[in-house]
Amino acid sequence: MAAVGGVALHKPLGLLAELTHRCPLGCPYCSNPLALDARQDELDAATWHRVFHEAAALGVLQVHLSGGEPGARRDLVDIAAAAHAAGLYTNLITSAVGITDKTLDALAAAGLDHVQISIQDADASSADRIAGYDGAFARKRALAAAVVRLGLPLTVNAVVHRANIERIGEIVDLALALGASRVEIAHVQYYGWALKNRALLMPTPEQVERAAALVDELRARHRGRIVIDAVVPDYYARYPKPCVGGWGRRSLNVTPAGKVLPCHAAESIPGLEFWNVRDHSLADIWASSPAFNAFRGTAWMKQPCASCPRRELDFGGCRCQAFALTGDAAATDPVCHLAPDHAQVAELAAIRTDAPYVYRRM
Ligand code: SF4
Ligand code: FES
C-alpha cells in the first residue's frame with residue numbers, strides 16, 4: 001500500500017458522482033450543500049467519461065450516479081454509458097421524479113446495473129408532504145415497477161425521522177411489495193440543510209428504541225427475502241459512526257462543478273482546499289489534495305480520540321458533525337459518549353417543535 005507523509009494511502013472503492021444539484025423535491029433533510037452549483041457550471045458528459053476512466057484506474061469499483069436528481073440531466077444516458085464503458089458497477093440514485101420509463105429503458109440498454117429509489121414514507125399523502133411534491137409517491141411506485149420489469153436489482157432507501165419512524169414496518173412491507181432486494185432505513189444526518197429542521201425531524205428516545213427493536217424483528221422475519229440496512233440516529237448512539245469509512249480512505253465525491261470531496265458535506269468545513277477534476281487527475285487529487293490529507297490517518301486527532309483504542313475503528317466519528325456541533329472539525333464527534341462536548345447532544349435532541357418544515361428549493 002502506498003503512503004503519503006507517512007499515512008497509508010488506501011484505494012477508493014466507491015465514487016459518488018453528483019451530476020447536478022437540481023431537484024424537483026424539497027426534502028427538509030436534503031444532503032446537498034447549502035451553496036448549490038448552478039446548471040451552467042455542471043461538468044459535461046465528456047469530462048465525466050474521463051473521470052470514470054480515471055476512477056477505474058485508481059481502483060474504484062462502483063459509481064453512484066446521484067444528485068440532486070440525476071434525471072434532471074438530459075445527457076444522463078450518455079453519462080451512464082460512460083460509467084459502464086469504464087468497467088464500473090453503475091448505480092442510479094433517484095427520487096424517480098424526472099426518470100421516465102423511456103429513459104429507464106435507455107439506461108438499462110446503456111449498461112446500468114442497479115437502481116436505488118428514495119421514498120419519503122409508506123403513506124402516500126405523508127410521503128408527498130415530506131417531499132414537498134404532490135404525486136411523487138405515485139411516480140416512485142411506477143418507476144420501481146418498471147425497474148423490476150427490466151430485471152434490474154432495486155434498493156429502496158427511506159430517510160427516517162419523527163414523522164415516519166412509526167411506519168418502518170410499513171416501509172419494509174412496501175419495499176417487499178415493490179420487489180426490492182434491499183431496503184435502507186437511514187436516520188436523518190443533521191448537517192447542512194437538515195440542521196435547519198433538526199427540531200422538526202428529531203424523534204423521541206422512545207421512538208428510537210421501538211424502531212431499533214422493530215428492525216431486529218423485521219430482519220429475522222424477512223431473512224432471505226430482503227436485506228434490511230439500518231443507520232441508527234447519531235444523537236442517540238453511544239459511539240459515532242465511522243463516517244464514509246474514514247476520511248480519504250474508501251470513497252470520493254465529485255460535485256456537479258467538478259470539486260472532489262472526501263464526503264458529501266465536506267464543503268461545510270471552512271478552510272479546506274478542494275481540488276477540481278478540471279485541473280487535476282483523480283489520482284493526483286486522491287493522493288495529494290489538501291482536503292483529502294486534512295484528516296487522513298490519526299495524527300490530526302485530539303484527545304480523547306488520540307489515545308482511544310477505537311480510533312482505527314470509527315476514526316473519531318464524523319468531521320462534518322464535529323464541526324457543526326463544536327466549531328472544530330478536528331474535535332471528537334460529540335455523539336461519542338467520551339467526547340468533551342457530548343452533553344450538548346442530549347440537550348439538542350431534547351429540542352423538538354412541530355413548526356412547518358423549511359423545504360429545500362433551488
Ligand atoms: Fe471513537 Fe474518539 Fe470516541 Fe474513541 S474517543 S470511541 S476514537 S470518537
Ligand atoms: Fe463529512 Fe461525516 S459527513 S465526515
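First listed ligand is number 1; within each ligand, the first listed atom is number 1.
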Salt bridge (charged side-chain N to carboxylate O under 4.0 Å, His left out) with Lys241: of Asp234, Asp333, Asp314, only one passes, and it is Asp234
Is it the case that more than 12 heavy atoms not belonging to His114 sit under 6.0 Å from its NE2 atom?
yes
Between Ser125 and Asp123, do the side chains contain a donor N or O and an acceptor N or O under 3.5 Å apart?
yes
Metal site atom 3 (Fe) of ligand 1, protein N/O/S atoms found under 2.8 Å:
1
Decide side-chain contact (heavy atoms from CB on, under 4.5 Å) for Leu9 and Trp286; before the verdict, give the C-alpha distance in whole Å, the side-chain angles of both, and the deciding distance to 0.1 Å.
CA-CA 9 Å; Leu9 189 61; Trp286 179 253; 3.7 Å; yes
For Glu42, the salt bridge (Lys or Arg N to Asp or Glu O under 4.0 Å) test, sequence neighbours excluded, returns Arg22, Arg73
In this structure, would Val148 and Ile99 fall into the same cluster of hydrophobic residues linked by side-chain contacts under 4.5 Å?
yes
In terms of ring plane angle, is the pair Tyr357 and His161 parallel, tilted or perpendicular, where the classes change at 30° and 60°?
perpendicular
Every N, O or S from the protein that is nearer than 2.8 Å to atom 2 (Fe) of ligand 2:
Cys243 SG, Cys318 SG
Show every ring pair (Phe, Tyr, Trp, His ring centres under 6.0 Å) that has at least one partner inside residues 195-240, sequence neighbours left out.
Tyr190-Tyr235, Tyr239-His337
Within 45° of the six-membered ring axis of Trp193 and under 6.0 Å from that ring's centre, is NZ or CZ of Arg198 located there?
no
